[in-house]
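Just so you know, these numbers come straight off a predicted model, no measurement behind them. In what follows, chains are A, B, ... by sequence order, proteins preceding strands, each numbered from 1.
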2 protein chains.
Amino acid sequence: MRPTHPPSRAETFPVNTPAAAQVFTTVLTQGPLARLEVARRVGLSPAAVTKAVRPLIEAGYLMEDVDEESRPALGRPANLVRVDGGRALFVGVKVTGDEVIGVLTDLCCRIRVARHVPLADRAPKAVLASIAELVHDLLAAADGLRAPVLGLGVAVSGDVDRGEGTVRYSPFLDWRDVPLAELATTITGLPVTVDNDVRALTVAEQWFGAGAGLSDFAVVTVGAGIGCGLVVHGRVVAGAHGVAGEIGHVTVDPGGPLCHCGNRGCVEAIAGEAAVVRQIQEATGVQLADAAQALAMAREGVPGAREVYARAGEAIGRGIATVANLLGPERVIISGEGLAAYDLFAEHIRAVFTAAAFGSAAQCDVQTRPLPFEEWARGAAATAIQSFVRADS
Amino acid sequence: MRPTHPPSRAETFPVNTPAAAQVFTTVLTQGPLARLEVARRVGLSPAAVTKAVRPLIEAGYLMEDVDEESRPALGRPANLVRVDGGRALFVGVKVTGDEVIGVLTDLCCRIRVARHVPLADRAPKAVLASIAELVHDLLAAADGLRAPVLGLGVAVSGDVDRGEGTVRYSPFLDWRDVPLAELATTITGLPVTVDNDVRALTVAEQWFGAGAGLSDFAVVTVGAGIGCGLVVHGRVVAGAHGVAGEIGHVTVDPGGPLCHCGNRGCVEAIAGEAAVVRQIQEATGVQLADAAQALAMAREGVPGAREVYARAGEAIGRGIATVANLLGPERVIISGEGLAAYDLFAEHIRAVFTAAAFGSAAQCDVQTRPLPFEEWARGAAATAIQSFVRADS
DNA sequence: AGGGTTCTTTTCCGTCGTCAATAAAAGAAC
DNA sequence: GTTCTTTTATTGACGACGGAAAAGAACCCT
């Protein structure tokens with residue numbers, strides 16, 4: 001049940017306690033902080049923070065840093081503690097249907113290098129080859145940075161068991177029970193963490209994005225599919241069977257269009273990329289090559305096209321309202337390539353959401369964040385950092 | 001942020017550590033256990049369990065108990081540890097629209113006495129008077145049991161802040177910002193815990209019911225309203241704004257009947273008690289006095305009546321599928337007075353659920369549990385026990 | 001230079017949990 | 001009936017972690 005599939009012998013985090021992990025993560029995500037401030041946020045005594053920080057500084061993971069800027073008018077200025085990004089590197093990889101996106105990040109999870117590799121074939125072998133190529137490239141780039149690469153995170157859509165490091169079922173890739181972590185470890189020699197792609201993005205948002213500091217929020221991704229990452233009680237929800245956040249297959253209209261899952265009126269069957277293209281083709285009678293064309297038509301004001309986007313927005317709004325009603329998150333973050341059409345969605349999402357959110361669930365803050373695929377890969381790197389830092393025997 | 005609103009000075013749990021609370025809860029919920037077995041389940045060493053158990057035995061909360069039955073063929077027989085139910089008592093109260101149900105439980109949360117008091121008026125004053133009467137009765141009954149009453153749990157529908165002990169908004173009772181814990185403490189002199197009623201029932205199910213041992217499950221209650229309690233990561237979900245589990249206001253048919261929340265086609269607007277009665281009246285033209293009459297008509301086979309129940313079942317099934325798709329619980333427990341009509345629902349719930357559940361979310365085990373209102377009150381008592389045991393400064 | 005303020009560290013101590021050894025309570029074997 | 005085996009429970013030594021309090025450090029201001 002180790003979240004990382006480890007190679008022979010690798011550099012490990014110097015302290016193996018929950019407190020150390022929490023201190024490190026707090027410093028990582030909440031920027032340079034005075035020890036006293038860390039103590040307040042983590043709920044430890046200042047002394048405990050001093051003691052937790054010392055070995056991490058000695059190991060080079062944290063560093064001190066006086067901040068000339070915000071010197072207080074009174075009292076001793078704080079010795080800020082920050083993560084030394086240059087101390088270590090991680091690789092994050094996101095697999096999509098037609099390419100593999102990889103980023104090399106530092107220990108602060110800042111992207112240093114990003115690479116894309118096209119994917120001809122979705123079979124595990126081909127994907128692994130692309131991952132290998134990507135990682136090889138990134139490791140080469142890492143050579144110049146004089147820091148060890150300590151982990152690889154891989155994000156794949158579908159039912160992923162992070163603990164086992166296996167992809168149980170990915171409809172998109174047509175994979176079943178692929179021991180991806182093990183395979184990637186033998187190829188790359190790195191400790192590998194495998195997780196679902198939306199959950200990986202959710203971790204990135206939790207650490208560095210609009211979910212920072214929130215214990216309950218949701219990330220809704222609009223694109224080829226409609227996905228959702230949930231954070232409840234401060235932890236990403238994985239579900240008992242590995243599946244969770246399937247907002248794309250929430251029914252919003254039982255009489256709606258047929259979905260590939262076999263049901264009618266799923267959010268994805270109305271607002272997924274393929275569904276939008278298809279519906280606009282049907283409405284206009286024009287054959288479209290891709291989503292960009294569909295978007296262009298709607299922007300031009302072709303009759304029927306705008307309405308398709310409006311209905312898509314309503315479906316998404318209803319899906320978000322459902323999440324809000326069931327979980328009462330503090331915030332919902334909408335992201336994904338589909339945001340390119342956000343101007344066509346926005347008002348409909350909002351209108352349906354405010355109408356359908358029950359009681360104080362409507363207080364939920366809905367915001368959009370256009371995030372490129374690199375950000376998903378960064379999330380994968382974040383899961384690798386998580387595994388590296390996490391204290392679990 | 002204390003979960004219990006305490007009176008002047010009361011008996012407290014002897015040890016204030018997470019480990020002790022966990023050991024006690026494990027023994028409470030998983031029956032008499034050998035220390036070694038407790039150690040295995042809690043993840044502590046046997047020695048730690050011995051040390052945690054001792055003060056609890058000295059304080060009388062736990063007791064030893066040799067089990068002649070399951071003596072092993074080999075080795076030293078285990079000294080089972082169990083909670084001494086007779087050591088302390090708790091009162092649990094559930095407020096409904098027309099009555100207040102109270103139970104007196106022992107420390108094992110077994111119901112010793114149950115009482116109902118009718119409720120003429122839903123104003124806080126009247127409800128508090130009923131609670132006072134009920135508690136007075138139960139305390140009188142407790143006198144004969146020679147054990148102190150250590151807490152009162154109150155379960156109310158609506159938006160309840162357990163930490164503050166206040167009812168922020170209860171549409172059903174038409175309450176706003178009632179500091180119920182404080183009020184009840186001054187009246188009864190007991191430490192009071194206030195929580196949402198469905199969440200209280202969910203705690204009871206988590207401890208003693210079909211949710212025992214599960215870290216992710218849901219309780220769906222069918223009755224006057226349709227509610228839902230969620231357990232994620234082993235904890236009951238309260239939501240950032242106090243509202244969560246509003247499955248009753250998940251939309252299943254945007255063109256459906258109008259709901260009191262202002263939307264169309266909510267689960268509650270189709271499958272709530274009032275909605276079913278109304279729909280059957282409309283379908284048959286017969287005026288009905290209550291849900292029992294509606295049920296009788298459907299059982300007699302009056303045309304149109306059965307169909308209303310069928311549609312209700314479908315709505316519930318879709319709601320459950322939505323929960324399963326979003327959270328991937330291991331189990332969904334259906335309960336509530338509405339189960340009286342379960343024979344008319346069952347197949348439709350199941351059919352829609354299996355069709356609409358996505359991927360391995362369909363592995364979720366859906367079961368029904370007819371639980372009387374006393375069980376809800378017992379849940380309230382369970383929250384009181386939780387507050388009593390919980391280690392939080 | 002001295003006082004005020006705030007951050008950091010030190011020292012000491014208590015608590016809690018593990019480890020390893022020991023005790024205890026059986027039945028089985030001879 | 002003694003001894004062995006097996007399993008459970010307890011003990012005591014030890015170490016790690018975190019808190020409290022006090023001292024130290026760094027700065028500003030007067």
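- Protein atom CG of A/L74 is 10 Å distant from nucleotide atom P of C/dC7, rounded to whole Å.
- In this entry the distance linking CG of A/L80 with P of D/dA26 reads 15 Å, nearest Å.
- In this entry C/dC19 has D/dG12 as its Watson-Crick or G-U wobble partner, both defining distances falling under 3.5 Å.
- B/R87 places a side-chain N or O within donor-acceptor distance of the main-chain N or O of B/A59, the cut-off being under 3.5 Å.
- Going from atom CZ of B/R40 over to atom P of D/dT7 covers 11 Å, rounded to whole Å.
- One finds a salt bridge joining B/E205 and B/R369 here, because a Lys/Arg side-chain nitrogen approaches an Asp/Glu carboxylate oxygen to under 4.0 Å.
- Residue B/R35 is the one, among A/G43 and B/R35, whose nearest nucleotide of DNA chain D lies closer to the 5' end (criterion: closest heavy atom).
- At whole-Å resolution of the value, CG in A/L36 and C1' in C/dT9 are 12 Å apart.
- With a cut-off of 3.5 Å on both pairing distances, the Watson-Crick or G-U wobble partner of C/dC30 is D/dG1.
- One can place NZ of A/K51 at 10 Å from C1' of C/dT9, the figure rounded to the nearest angstrom.
- Nucleic acid contact for B/A19: sugar-phosphate only, since backbone atoms but no base atoms lie under 4.0 Å from a heavy atom of the residue.
- A cation-pi arrangement is absent between A/R331 and A/F217, since the terminal nitrogen or guanidinium carbon is not both under 6.0 Å from the aromatic centre and inside a 45° cone about the axis.
- Here the options are A/T202, A/D195, A/N196, the test is side-chain hydrogen bond (donor to acceptor under 3.5 Å, both in side chains), and the partner is A/R199; only A/D195 passes.
- Formation of a donor-acceptor pair under 3.5 Å by the A/T185 side chain with backbone atoms of A/L190 is found in this model.
- Here the C1' atom of nucleotide D/dT7 and the CZ atom of B/R76 are 9 Å apart, to the nearest Å.
- Nearest to the side-chain atoms of B/A47 among the listed nucleotides C/dT9, C/dG17, D/dG12 stands D/dG12.
- D/dA9 atom P lies 11 Å from atom CD1 of B/I57, rounded to whole Å.
- For A/L44, counting side-chain heavy atoms from C-beta on, the closest listed nucleotide (C/dT18, D/dG18, D/dA9) is D/dG18.
- If you check C/dA26, C/dT18, D/dT10 against the side chain of B/P46, the one that comes closest is D/dT10.
- The nearest whole Å value for the distance from the CG atom in B/N79 to the P atom in C/dA25 is 8 Å.
- Distances shorter than 4.0 Å separate none of the side-chain N or O atoms of B/T17 from OP1 or OP2 on C/dC16.
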